[in-house]
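For reference, the structure discussed in these notes is given below.
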Amino acid sequence: MAEKVPETAAPEADGGSLLVEVLLQIINSPLNIALVGLILVLVYKIWGSRQSSTSSAAPEPEPELPKLRRDFTVEEMREYTGDGSDGRILIAVNGKVFDVTKGRRFYGPGGPYAAFGGRDASRGLATFQVGPGKDEWDDLSDLNSTEMESVREWEMQFT
């Protein structure tokens with residue numbers, strides 16, 4: 001007597017039937033339909049945000065201000081807080097004056113470090129205290145070695 005071999009479904013070589021099978025699985029379950037909808041919405045939002053960011057015009061660059069190459073007195077420094085007609089912001093660190101106008105959102109009016117604008121910021125940077133500095137050049141002789149090292153590191157960063 002010959003044994004009867006059970007018939008098994010042979011895998012189709014046609015990719016179309018696999019696609020039909022997947023679509024039937026998605027359509028037969030409301031949860032799968034909801035998940036596919038969610039995926040489509042997320043893909044649309046991601047694609048749409050990328051399209052809008054590439055199509056929007058680049059922000060206009062700020063006009064370049066001429067370089068200032070001179071020494072400043074404390075009184076002259078106070079004019080450069082970002083409130084002036086040219087909007088320039090200067091700070092001094094360890095006796096050197098730096099133009100930080102490009103960092104307006106940090107050092108300009110309303111910024112978290114606005115107290116440093118137009119002043120000697122050495123002590124504030126050394127002690128990690130943001131507040132109005134002295135109204136004269138600070139000799140920093142009372143700072144410890146760690147604080148002085150911090151001032152030198154800030155000076156190198158600004159340079």
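Taking CE of M148 as the start and CG of N94 as the end, the distance is 5.0 Å to the nearest 0.5 Å. Here L90 contributes atom CG and E76 contributes atom CD; the two are 10.5 Å apart, rounded to the nearest 0.5 Å. Taking CZ of R119 as the reference point, atom CD1 of I89 lies at 14.0 Å (rounded to 0.5 Å). Rounding to the nearest 0.5 Å gives a distance of 14.0 Å between CD1 of I33 and CG of L38.
Salt bridge R152/E155: absent, no basic N to carboxylate O contact under 4.0 Å.
Aromatic ring orientation, F72 versus Y80: perpendicular (interplanar angle above 60°, classes split at 30° and 60°).
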* Asked: Stepwise, does the side-chain contact (heavy atoms from CB on, under 4.5 Å) test hold for V151 with V93?
  -> CA-CA 7 Å; V151 170; V93 178; 4.3 Å; yes
* To do: Let me see the working for F116 and L125 under side-chain contact (heavy atoms from CB on, under 4.5 Å), right down to the final yes or no.
  => CA-CA 9 Å; F116 293 156; L125 294 170; 3.7 Å; yes
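In terms of heavy atoms, N32 sits closest to Q25 at ND2-O, 3.3 Å. Smallest separation of non-hydrogen atoms from N144 and T146: OD1-N, 3.1 Å. Heavy-atom minimum distance, G108 versus A114: O-CB, 3.1 Å. The heavy-atom pair separating A126 from L143 by the smallest distance is CB-CD1, 3.9 Å. When all heavy atoms of P112 and R105 are compared, the pair lying nearest together is CD-O, 3.4 Å.
The neighbour count for E21 CD, taken as heavy atoms of other residues, nucleotides or ligands under 6.0 Å away, does not exceed 12.
Listed by first and then second residue, the ring-ring contact (aromatic ring centres under 6.0 Å, His included) pairs involving residues 81-101 are F98-F158 (not counting sequence neighbours).
Within the 4.5 Å cutoff, no side-chain heavy atoms of I26 are placed close to those of L35.
Evaluation of the side-chain hydrogen bond (donor to acceptor under 3.5 Å, both in side chains) rule for E147 yields no partner, not counting sequence neighbours.
Residues F106 and I91 are members of one and the same hydrophobic cluster, defined by side-chain heavy-atom contacts under 4.5 angstrom among Ile, Leu, Val, Met, Phe, Trp and Tyr.
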